[in-house]
Amino acid sequence: MITLLDYGAGNVRSVVNAVERLGETIKPAKTAEDILSAEKLLFPGVGAFGAMMEILHQKGFAAPLAACLREDRPFLGICLGMHALFEGSEEAPDLPGLGLLKGRVKRFETDLAVPHIGWNGISPRQPSPLFAHLRGDEKFYFVHSYHIVPEVPGVVLTCTDYGYRFASAVQKGRMRGVQFHPEKSGEAGAAMLRGFIEDAPARLPEIRAEKTALARRIIACLDVRGNDQGDLVVTKGDQYDVREGGNVRNLGKPVELARRYYEEGADEITFLNITGFRDFPLEDMPMLEVLRRTSKTVFVPLTIGGGIRNFTDAAGRSCTALEVASEYFRSGADKVSIGSDAVAIAMAYRKSGVKTGRSAIEEIARVYGSQAVVISVDPRRVYVRSPEEAPEHIVIPTVIPGPAGERFCWYQCTVQGGRKGENLDAVTLSRLCAELGAGEILLNCIDRDGANSGFDIELIRAVKSAVGIPVIASSGAGCAAHFLEVFEQTTAESALAAGIFHRREVPVGEVKSFLRGKVEIRN
Ligand code: 1PR
């Protein structure tokens, strides 16, 4: 029996599912006594260090947890659950940590994108039960802006490279902590959790890489909506038009398709509720059930988008984006993606120059961390003869001339699934949202959507050069070579596709096989 320390933030459902899948039972700690009587403790942390420490103290969990750890009770802390073991964190300098390990938590200082998001390796430093079922060359899912800096080198269990080498796991007696998320790391993560559950004999894996590398991610995207018969289906548009012969295209069931992509090797799954902008968000949330069911069989990160915004309906009922997002996190989402509302937020911020702290981006980032906030951008090319024609926008030269031979273009942001264009360009939108605390950009392109003609390299380069957060290249993938092209010609951290996967024209596995040996990927 494992006792789960759930302090109420983030996606603990995935941890429960990952443990139960291994045949172990898991019980949430509700009182201090539950912690003190635990056989084994699992502490998954998601969100922000300050909020976590405050809640641990409010609930009266901090002292019993520290007592168990001093007694050397088997413990596994994940991400913030490991940060809590240290003396403090730059993320909330005034709030001390538990101080069981000497050292602090600091923000990444690197030219690479922060947060560090994706699948990276681990370089083991000492034997551990966590390695009992590992080869050593597996990759694990990381998502963090801060990392630990232990003062005592002897506690370092693994190291990982991202710009520089950092400690990615610690071990002192039976107290262990990992920066990555085993519950989101597919079969490798399950193997590590099994070692913890069994309290297996400590060993070193056979393969011990000297250096590790972050993989470029392949993401499968499922656009979901109700069809005319009222069923929730995965659909797919051409330039966002999802109807064919008057009917919504039906390409399958969301939960089944997500599972198929997981089994084929997708590194992440994104669900977009494409008509989510229409209704009162909390009234009917069919995607909650989709997430709950998906998180039972899919052990890679899940992102959900559509309808995440502050909303007041005609009857005066209101809800906040944070409330909507919280429902999604509780149901199994790791990240939420904001589309239309991000455009409104960025335009207001550009006009006032003031960060109110109350926008959906800021509020969700404050509670769940920046890494949980993705901005979904739906731009369309607008051709101009020269940059002077659109002085308020970021205009770029293009090698693909416009209908009248124009050699320049800018990318107009749209809202409501491309139905309405706004006076804001995609590069500026991305920069402003990153300033407000977004952690990742999902960069679609309406002109390329469903076109199978390849990603819009010019758009991706323009956005990538304007932000310091990871960018997901999206729209236009028609063959495996298009993924190689986007990874060779841009620094996008990941690439997303929909149509070719749904129609089985190019399965995820084929993309991976094609890329293997050419770019760093997760096997
Ligand atoms: O505005 O916050 O409610 O979010 C709505 C979300 O739904 C946005 O993320 C928006 O991108 C998405 N969306 C709205 N309408 C559509 C539509 O298609 N009619 N889908 C839509 C966007 C685009 C991509 C697609 C890629 C890859 N889907 O995500 O998966 O273009 O496709 P491909 O590989 O087949 O080319 P809000």
Side-chain angles (χ1 to χ4, degrees), residues 218-227 233-244 248-249 251 254 257 261 266 268-281 285 287 303-311 321 324-325 328 335-346 360-361 364 373-380 413-420 422 426 429 433 438 440-456 459-460 472-480 482-483 486 494-506 508 511:
I218 306 299
I219 301 176
C221 182
L222 292 83
D223 289 351
V224 180
R225 62 163 289 170
N227 66 7
V233 298
V234 174
T235 188
K236 184 67 208 73
D238 290 327
Q239 302 189 344
Y240 285 30
D241 180 3
V242 299
R243 287 186 182 270
E244 196 168 18
V248 172
R249 278 195 199 105
L251 293 167
L257 267 190
Y261 297 144
E268 204 167 312
I269 307 284
T270 295
F271 290 110
L272 297 175
N273 177 4
I274 67 170
T275 50
F277 65 88
R278 288 184 182 160
D279 311 310
F280 185 67
M285 295 179 75
M287 297 307 288
T303 302
I304 174 92
I308 295 171
R309 68 202 189 290
N310 297 327
F311 191 74
V324 181
Y328 283 134
K335 307 189 243 181
V336 293
S337 126
I338 307 176
S340 305
D341 202 32
V343 179
I345 293 167
I361 298 171
I364 300 171
V373 184
V374 182
I375 304 300
S376 173
V377 191
D378 298 312
R380 178 180 277 135
C413 292
T414 68
V415 296
Q416 299 180 358
R419 288 168 182 81
K420 189 169 168 243
E422 297 287 4
L429 169 83
C433 291
E440 197 170 25
I441 303 291
L442 162 49
L443 186 55
N444 303 299
C445 178
I446 296 182
D447 314 275
R448 298 292 177 111
D449 177 56
N452 291 2
S453 56
F455 297 93
D456 190 327
L459 167 65
I460 298 158
I472 302 167
S474 166
S475 304
C479 60
H482 288 151
F483 290 84
V486 76
S494 44
L496 172 153
I500 54 168
F501 296 153
H502 302 333
R503 294 188 297 267
R504 295 181 190 259
E505 287 162 13
V506 187
V508 179
V511 174

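In listed order, ligands and their atoms are each counted from 1. For clarity, every value in this text was computed on a predicted model and none was experimentally measured.
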Within the 4.0 Å heavy-atom shell around [X], which atoms of ligand 1 are there?
X	answer
Ala497	34 (O)
Gly499	33 (P), 34 (O), 35 (O)
Cys221	29 (O), 30 (O)
Gly450	33 (P), 35 (O), 36 (O)
Ser474	24 (C), 26 (C), 27 (C), 31 (O)
Gly307	2 (O), 3 (O), 37 (P)

At what distance is the nearest protein heavy atom to [atom], and which residue and atom is it?
atom	answer
atom 15 (N) of ligand 1	Gly417 CA, 3.2 Å
atom 1 (O) of ligand 1	Ser340 OG, 2.5 Å
atom 28 (N) of ligand 1	Asp223 OD2, 2.9 Å
atom 34 (O) of ligand 1	Ala498 N, 2.9 Å
atom 4 (O) of ligand 1	Gly306 CA, 3.4 Å
atom 21 (C) of ligand 1	Ile274 CG2, 3.3 Å
atom 10 (C) of ligand 1	Asp378 OD2, 3.2 Å
atom 32 (O) of ligand 1	Lys236 CE, 3.0 Å

- Message: Holding to ring pair (Phe, Tyr, Trp, His ring centres under 6.0 Å), I want the full list of residues that pass it with His502, two or more places apart in sequence or in another chain.
- Response: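 Tyr261.
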- Query: Phe483: what forms a ring pair (Phe, Tyr, Trp, His ring centres under 6.0 Å) with it, not counting sequence neighbours?
  - Reply: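 Phe483 satisfies ring pair (Phe, Tyr, Trp, His ring centres under 6.0 Å) with Phe455 once adjacent residues are dropped.
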- Query: Side chain of Arg448, backbone of Cys445: donor and acceptor closer than 3.5 Å?
  - Reply: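 Pair absent, no side-chain N/O of Arg448 close to backbone of Cys445.
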- Query: Is it true that a side-chain atom of Asp223 and a backbone atom of Lys236 form a donor plus acceptor pair closer than 3.5 Å?
  - Reply: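 Absent.
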For residues [X] and [Y], determine if any side-chain heavy atom of one lies less than 4.5 Å from a side-chain heavy atom of the other.
X	Y	result
Leu272	Ser337	yes
Val511	Phe501	yes
Asn452	Glu505	yes
Ser376	Asn444	yes
Ile274	Thr235	yes
Ile308	Ile364	yes

Taking N or O atoms only and a 3.5 Å limit, does [X] qualify as a polar contact for ligand 1?
X	result
Gly339	yes
Ser376	yes
Leu272	no
Asp241	no
Asn273	no
Ala451	no
Gln416	no
Ser475	yes
Gly476	yes
Arg419	no

- Task: Look up atom CG in Asp341 and atom CD1 in Ile375, then write down how far apart they are to the nearest 0.5 Å.
- Result: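 Separation between the atoms: 9.0 Å.
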- Item | For the student: nearest non-hydrogen atoms of Val508 and Ala266, plus distance |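 Nearest pair, atom of Val508 first, then Ala266: CG1-N, 3.6 Å.
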- Do you know which two heavy atoms are closest between Gly307 and Val324, and how far apart they sit?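 That closest heavy-atom pairing would be O-CG1, 4.1 Å.
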- Message: Looking at Asp238 and Arg249, is any side-chain nitrogen of the basic one under 4.0 Å from a carboxylate oxygen of the acidic one?
- Response: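 Salt bridge: yes.
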- Please name the residue in the list Thr414, Asp449, Asp378 that meets the side chain to side chain donor-acceptor pair (under 3.5 Å) test with Tyr240.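 Exactly one pass, corresponding to Asp378.
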- Query: Below 4.0 Å from any atom of ligand 1, is there a heavy atom belonging to Asn444?
  - Reply: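 Distance cut 4.0 Å: Asn444 passes for ligand 1.
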